[in-house]
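We're numbering straight along the sequence, starting at 1. Whatever order the structure lists them in is the order used to number ligands and atoms, beginning at 1. Quick caveat: nothing in here was measured; it's all calculated off a predicted structure.
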Amino acid sequence: MLNRTFEYRPPAPEPPERLGLLDLLARMKRNPLECWTAEVFREPVVKPRLPFVDALLIHDPSAIKYVLLDNAANYRKDSIQRRILSKGLADGLLSVEGERWEVQRRTLAPLFARRTVVSFGRAMLKAAKRLSDSWRELGPGALIDATAEMTSLTLSVLALTIFSDGIGDDIEEFRAAMNDYFGAVGRIGVMDLFGVPDFVPRPGRTRLTRTMVYFEGVIDDIIETRRHRLACSAQEEDSKDLLALLLGALDPSTGKPMSLREVRSNILTFLSAGHETTANALAWSLFLLSQAPEWSMRVQEEARRELSGPAEGLADRLIVTRAVVEEALRLYPSIAALSRTPNEPDRIGSFDVRAGSLIVIAPYVLHRHEALWDRPEVFDPSRFLPEARTRIPRFAYLPFGVGPRTCIGSSFALQEATIVLAFLTHGFEIDLVPDAEVWPLQRITLRPAHGLPMRIRPRNAAHRGE
Ligand code: HEM
């Protein structure tokens, strides 16, 4: 148990008691995280009084279970969430609905089965080692932006696991285009919030279209080359990357493969859904460890012991490290809010909901809810150590959502973040620059508003594989 005398409360907006409409709109534009009033952290269900939107904010585990699991068929992803998340990914798993979603979900499930994800452990270690080599070259005391470094690392992991034989000619160009893409879609605009139709021009759209055209070209080339290669040679099941698995995936009910368009959309979906989300989980974990030396020591000890063992099952042995990642995802869930729309009128607890209304479930609020957590604002990974973890109510901790549309990449992401955090903490002292301003900002994901300026100093201990 963390010593109660050392209780670290990481930065978070102070919830206002109430908000006027203009203030709400200003905060929504600046940082939607600042819109949550104190009431939502106390009450299980809140019906906010808004002039244009009929919304219900639910942070009660049984009501969440009802919406996301028991009666999930009546609740589709709402148009705001789809508009923000699915630009350019229209035919991928994240965006499709109804029967097309069902077919894709069952076709893609084997790509993220435990055995496959465990087989990606080596690629994750390889990416961590490459990053650590580049940090060593910077020399002792170098200044990095940990958010940017983690974003680049998670892209490398996806590149190694999707395209084990490389991303075309220029990874830097690909990376820059990826950043452009997130820059263009990452802002929750007031126009989106109020349902302004799609044909009304949004800033950044032309740039987004250019980026998508570039991506589609590169990815189509890679798929074409790979199809050709796969036709000429068989690959061992265990050494298959995600692209080979996608190209070989068959709907278990009909035996049909995916179309080229769906393969391409799902590659883009994995890149977008798995990239910034995992990078933020890692960046917040590094930040939190830099503020809690006691936990940093525990992660180092665990890493020293476990990194010298076999790569197989490594993430399962990194119990303390994983608890740190899970606690980082509690305090700063990469997807801070989920939303749904009822197809038919319904009743949630004692609230009637109309078809087409907006149901919001915010992991950010849920994970800090006074009724569900002891000292919710304190960083305490011991909540996620094996015994304590069983006491967390199942629907009180949802960084990956829950129910049929739960994150398909959750084990991939947790394994990656755990392995990389252990590897980097073992290899380096990583300290926040004094006076750095760290603040959570909700865009498409929940990230540090001004990046994370950190100084890195290599430790002397011999590193796994070095
Ligand atoms: C820490 C990292 C991650 C977090 C916090 C996260 C979070 C989430 C959440 C909350 C959802 C559900 C959204 C909803 O119910 O409306 C989701 C869905 C999804 N995630 Fe993740 N994710 C992460 C990493 C990944 C990775 C690594 C991949 C793939 C490589 C991925 C692929 C997807 C896909 C395809 C969906 C849509 C699933 C469906 O609708 O059937 N995610 N993610």
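Of all heavy-atom pairs spanning I64 and F395, the tightest one is CD1-O, 4.0 Å.
Residue contacts with ligand 1, taken as heavy atom pairs separated by less than 4.0 Å, involve L338 solely via side-chain atoms from C-beta onward. With a 4.0 Å cut-off on non-hydrogen atoms, E416 does not touch ligand 1 at all. Under 4.0 angstrom from ligand 1, the non-hydrogen atoms of P399 all belong to its backbone. Residue-level proximity to ligand 1 for L94 is carried by backbone and side chain together, each with a heavy atom below 4.0 angstrom.
Taking the centre of each ring, F384 and Y397 come in below the 6.0 Å mark.
One option in W284, F112, W101 has a heavy atom closer to atom 30 (C) of ligand 1 than any other, and that option is F112. When the options Y75, F400, F270 are ranked by their closest heavy atom to atom 11 (C) of ligand 1, first place goes to F400. Checking S411, A273, S95 against atom 32 (C) of ligand 1, the nearest heavy atom belongs to A273.
In terms of polar-atom proximity, defined here as any N/O pair under 3.5 Å, S334 makes no such contact with ligand 1. For ligand 1, the polar-atom distance check against T277 finds no nitrogen or oxygen pair separated by under 3.5 Å. In terms of N/O distances under 3.5 Å, ligand 1 is not approached by T406. Any N or O atom pair closer than 3.5 Å counts here, and T269 shares no such pair with ligand 1.
The G401 neighbourhood of ligand 1 comprises atoms 10 (C), with distances under 4.0 Å to a heavy atom of that residue. Applying the 4.0 Å criterion to heavy atoms of R105 picks out, from ligand 1, the atoms 38 (C), 39 (C), 41 (O). Short contacts between ligand 1 and R340, defined as distances under 4.0 Å to a heavy atom of the residue, involve ligand atoms 14 (C), 15 (O), 16 (O). Taking every heavy atom of A413 and a limit of under 4.0 angstrom, the matching atoms of ligand 1 come to 1 (C), 2 (C), 24 (C). Near F412, with a cut-off below 4.0 Å to any heavy atom, the atoms of ligand 1 are 27 (C).
A donor-acceptor contact shorter than 3.5 Å is absent between the side chain of D91 and the backbone of E262.
Atom CZ of R354 is surrounded by 12 or fewer heavy atoms from other residues, nucleotides or ligands within 6.0 Å. Around the CZ atom of R114, the shell of radius 6.0 Å holds no more than 12 heavy atoms that belong to other residues, nucleotides or ligands. More than 12 heavy atoms of other residues, nucleotides or ligands sit less than 6.0 Å from atom NZ of K47. More than 12 heavy atoms of other residues, nucleotides or ligands shown are found within 6.0 angstrom of CZ on R105.
The existence of a salt bridge linking D241 and R226 is confirmed by a sub-4.0 Å separation between a basic side-chain nitrogen and an acidic carboxylate oxygen. R383 has a carboxylate O that lies under 4.0 Å from a charged side-chain N of E327, or vice versa, which qualifies the two as a salt bridge. With salt bridges taken as basic N to acidic carboxylate O contacts below 4.0 Å, none links R322 and E302.
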